[in-house]
Amino acid sequence: MSALSPIVFPLVAIGAAYLVDAMAGTGADIAWNWLFVLILGIVVFLPGICATLFGATLLPRRAGTITTAIGLLLISAAAALLIIGGFDDARDSPDGQPRMTPRLSMPEAFVFAMPYVLVVLVSVSATWRVVAAARGLGTRSPSMLSGTAS
């Protein structure tokens, strides 16, 4: 699921941009920024997507765990860079320069960052689950946890 989110999100953003553009205003600016960043920014997500999918084919072996975890962390890093970039653009962008996307205010930058925050949370959660499953942390019985072996 985490590996597909950068692919599915642009499709949702295109639909949202179309609908919100009819209303104009703040929502359209955010939707167009999402669309622009994800269509051009998909290149940033591709290494993580490829590593995650390749690693998933190798699970439950150790190489699969390592490759999947690295891929998920790359996806998290790419989303974190987009979050930082969105806030940096809203904070430092001079008004007189030509732009390819509408300038976002700081509240709009918070809304812009929310899907990427979700991608980071899901990727970190998936990374933890993959590593926990490899270590056997998710499959311990209550007798193992209490220290008594059966």
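Because the structure is predicted, anything quoted here is derived from the model rather than measured. These values consider heavy atoms only, across backbone and side chains, with no hydrogens, waters or symmetry-generated copies.
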Worksheet item: Going only through I, L, V, M, F, W and Y residues with side-chain contacts under 4.5 Å, is there a path from Leu81 to Leu118?
Response: no
Worksheet item: Given the rule that I, L, V, M, F, W and Y join up when any side-chain heavy atoms are under 4.5 Å apart, are Tyr116 and Val124 in one cluster?
Response: yes
Worksheet item: Checking side chain to side chain contact (heavy atoms under 4.5 Å, CB included) against Ile75, which of Val122, Val44, Val119 comes through?
Response: Val119
Worksheet item: Shared ILVMFWY cluster between Met114 and Phe45, side chains joined below 4.5 angstrom?
Response: no
Fill in: Within-4.5 Å side-chain heavy-atom neighbours: Asp89 and Leu104
no
Worksheet entry | Gap separating the CG atom of Leu72 from the OG1 atom of Thr67, nearest 0.5 angstrom | 11.0 Å
Fill in: Any Ser123 side-chain heavy atom under 4.5 Å of Leu73 side chain
no
Worksheet item: Other hydrophobic cluster members with Leu74, side-chain heavy atoms of Ile/Leu/Val/Met/Phe/Trp/Tyr under 4.5 Å, chained?
Response: Ile66, Ile70
Discussion item. For a quick test of reading the model, state the closest non-hydrogen atom pair linking Arg91 to Asp88 and the distance between them.
Written reply: NH2-OD1, 3.0 Å
Discussion item. Is it the case that the side chain of Arg103 and the backbone of Ala90 share a donor-acceptor pair, with hydrogens and angles ignored and the cut-off at 3.5 Å?
Written reply: yes
Item to complete: Show which residues join Phe54 in its hydrophobic cluster (side-chain heavy-atom contacts under 4.5 Å, direct or indirect), or state none.
Response: Leu58
Response to the item:
Minimal heavy-atom distance between Ala69 and Thr127, with the atoms involved, is CB-CG2, 4.1 Å
Discussion item. For a quick test of reading the model, state the closest non-hydrogen atom pair linking Thr52 to Gly71 and the distance between them.
Written reply: OG1-C, 3.0 Å
Fill in: Which residues share a ring-ring contact (aromatic ring centres under 6.0 Å, His included) with Phe110, sequence neighbours left out
Phe87
Worksheet item: Has the side chain of Thr68 got a donor or acceptor atom that lies under 3.5 Å from a matching backbone atom of Gly64?
Response: yes
Worksheet item: Any link between Val117 and Ile84 through a network of hydrophobic side chains (Ile, Leu, Val, Met, Phe, Trp, Tyr) touching at under 4.5 Å?
Response: no
